[in-house]
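Let me begin by presenting the structure, written as structure tokens, before commenting on it.
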Amino acid sequence: MIIIDDFVEDKTLLKQIEVNKEEFFSDNGNYYWWNGWWDSPADTLKKKLIKYLWSDKSPYKPVTISGFEYWTGQFGPDKGSDYLNMHLDKDEALWKDTGKISSPIIGTVFYPVEMEIEGGYLEIFNNGVDKQPERIEAKFNRLIIFDAGGTHHRVSQVTKGLRSAIAVNLWHPKPTGKLKEE
């Protein structure tokens, strides 16, 4: 696992997300697919952020990827959902159709806006689901890279405020499910 605070140095990009945060988070929980900047332009704020996170600045360099699965998530007592159950990231369509598990190469959680929250920890069960998880605070401009397909994880209950994050998984091969193009 890699945790880096103050990861995005491009203050203009962070400001654009802050100014447009209503739109940035408007599709809460909808999954999208992007083949990557080598195949199509980074023509949305989310794609610009993904390119920033995973191009030259990334401390993790996968050899081969097919693209990026990404989604935004907001949790809070006034949002309708204030936590996320324990799970492994996987190709949900393949699992549903065949029972086979295919997982992303690596996963990312990034917090692109300022938040005043209580709770909302990313809990990663590195030592098994029956052991205490590592608890990582949701903090503005924090990047977390971890094995989202191989390590159980969840989001603890948010008791105050609104936890806002974008998750990005790197895949090879591309998941079989019908992910939307943003």
Side-chain angles (χ1 to χ4, degrees), residues 1-2 23-55 58 60-76 79-112 120-131 133-136 138 143-158 163-182:
M1 176 176 11
I2 300 169
E23 179 184 339
F24 191 87
F25 292 103
S26 66
D27 53 357
N28 193 36
N30 287 327
Y31 295 85
Y32 293 96
W33 177 261
W34 182 37
N35 289 331
W37 57 90
W38 53 89
D39 187 62
S40 63
D43 56 0
T44 69
L45 268 178
K46 290 175 191 164
K47 290 178 184 177
K48 288 176 186 174
L49 178 61
I50 292 167
K51 182 178 180 186
Y52 188 97
L53 298 176
W54 283 105
S55 62
S58 176
Y60 180 89
K61 303 289 187 197
V63 177
T64 303
I65 66 167
S66 300
F68 305 91
E69 173 192 29
Y70 61 99
W71 63 99
T72 57
Q74 290 188 306
F75 299 100
K79 191 67 179 171
S81 180
D82 59 2
Y83 70 97
L84 182 62
N85 285 325
M86 186 173 358
H87 65 283
L88 294 170
D89 292 5
K90 61 186 174 296
D91 183 334
E92 295 290 342
L94 180 69
W95 182 71
K96 183 180 177 188
D97 292 345
T98 69
K100 293 181 182 177
I101 295 179
S102 176
S103 300
I105 296 168
I106 200 78
T108 313
V109 174
F110 182 72
Y111 305 102
Y121 291 91
L122 176 61
E123 297 184 335
I124 301 175
F125 291 80
N126 291 315
N127 299 312
V129 297
D130 58 338
K131 306 284 189 219
E134 183 167 352
R135 300 181 86 213
I136 304 162
L143 175 70
I144 304 164
I145 300 172
F146 70 106
D147 183 7
T151 307
H152 285 85
H153 56 282
R154 68 183 177 201
V155 174
S156 70
Q157 183 181 23
V158 179
R163 179 190 187 271
S164 301
I166 182 169
V168 181
N169 285 341
L170 284 68
W171 283 87
H172 185 74
K174 180 179 178 178
T176 60
K178 292 180 172 68
L179 300 173
K180 300 174 187 176
E181 294 282 342
E182 183 182 26

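In this text, all values refer to a predicted model and were calculated from it rather than measured experimentally. Atom set for the values below is all heavy atoms of this structure, side chains included, hydrogens, waters and symmetry mates excluded.
The distance from atom CG of L53 to atom CD1 of I166, rounded to the nearest 0.5 Å, is 7.5 Å. Rounding to the nearest 0.5 Å places CD1 of I144 at 6.0 Å from CD1 of I124.
By the side chain to side chain contact (heavy atoms under 4.5 Å, CB included) test, K51 is found to be paired with W34, W37, A42, S55, residues two or more places apart in sequence or in another chain being considered. Evaluation of the side chain to side chain donor-acceptor pair (under 3.5 Å) rule for S66 yields H172 as partners, not counting sequence neighbours. In this structure W54 satisfies the side chain to side chain donor-acceptor pair (under 3.5 Å) test together with T108, sequence neighbours excluded. Every residue two or more places apart in sequence or in another chain was checked for a side chain to side chain donor-acceptor pair (under 3.5 Å) with D130, and none qualifies. Contacts of A167 classified as side chain to side chain contact (heavy atoms under 4.5 Å, CB included), with partners at least two apart in sequence or in another chain: W71. Qualifying side chain to side chain contact (heavy atoms under 4.5 Å, CB included) partners for S156, counting only residues two or more places apart in sequence or in other chains: Y121, E123, R135. Evaluation of the salt bridge (charged side-chain N to carboxylate O under 4.0 Å, His left out) rule for E134 yields no partner, not counting sequence neighbours. Applying the side chain to side chain donor-acceptor pair (under 3.5 Å) test to W95 and every residue at least two apart in sequence or in another chain returns nothing.
Contact of the Y70 side chain with the L49 side chain is not registered, since no non-hydrogen atoms from C-beta on lie closer than 4.5 Å. With contacts defined as side-chain heavy-atom distances shorter than 4.5 Å, the pair T72/K46 qualifies. Between F75 and S164, the closest side-chain pair of non-hydrogen atoms is not below 4.5 Å. Counting only heavy atoms from C-beta outward, the side chains of Y32 and T44 never approach each other to under 4.5 Å. At a threshold of 4.5 Å between non-hydrogen side-chain atoms, the residues F68 and N35 do not count as touching.
Listed by first and then second residue, the side chain to side chain donor-acceptor pair (under 3.5 Å) pairs that reach into residues 79-89 are Q74-K79, D82-Q157, H87-D89, H87-H153, D89-H153, D89-N169, sequence neighbours excluded. Screening residues 91-112 for salt bridge (Lys or Arg N to Asp or Glu O under 4.0 Å), with sequence neighbours left out, gives K90-E92.
Of the N and O atoms on the side chains of W171 and E69, at least one donor lies less than 3.5 Å from an acceptor on the other residue.
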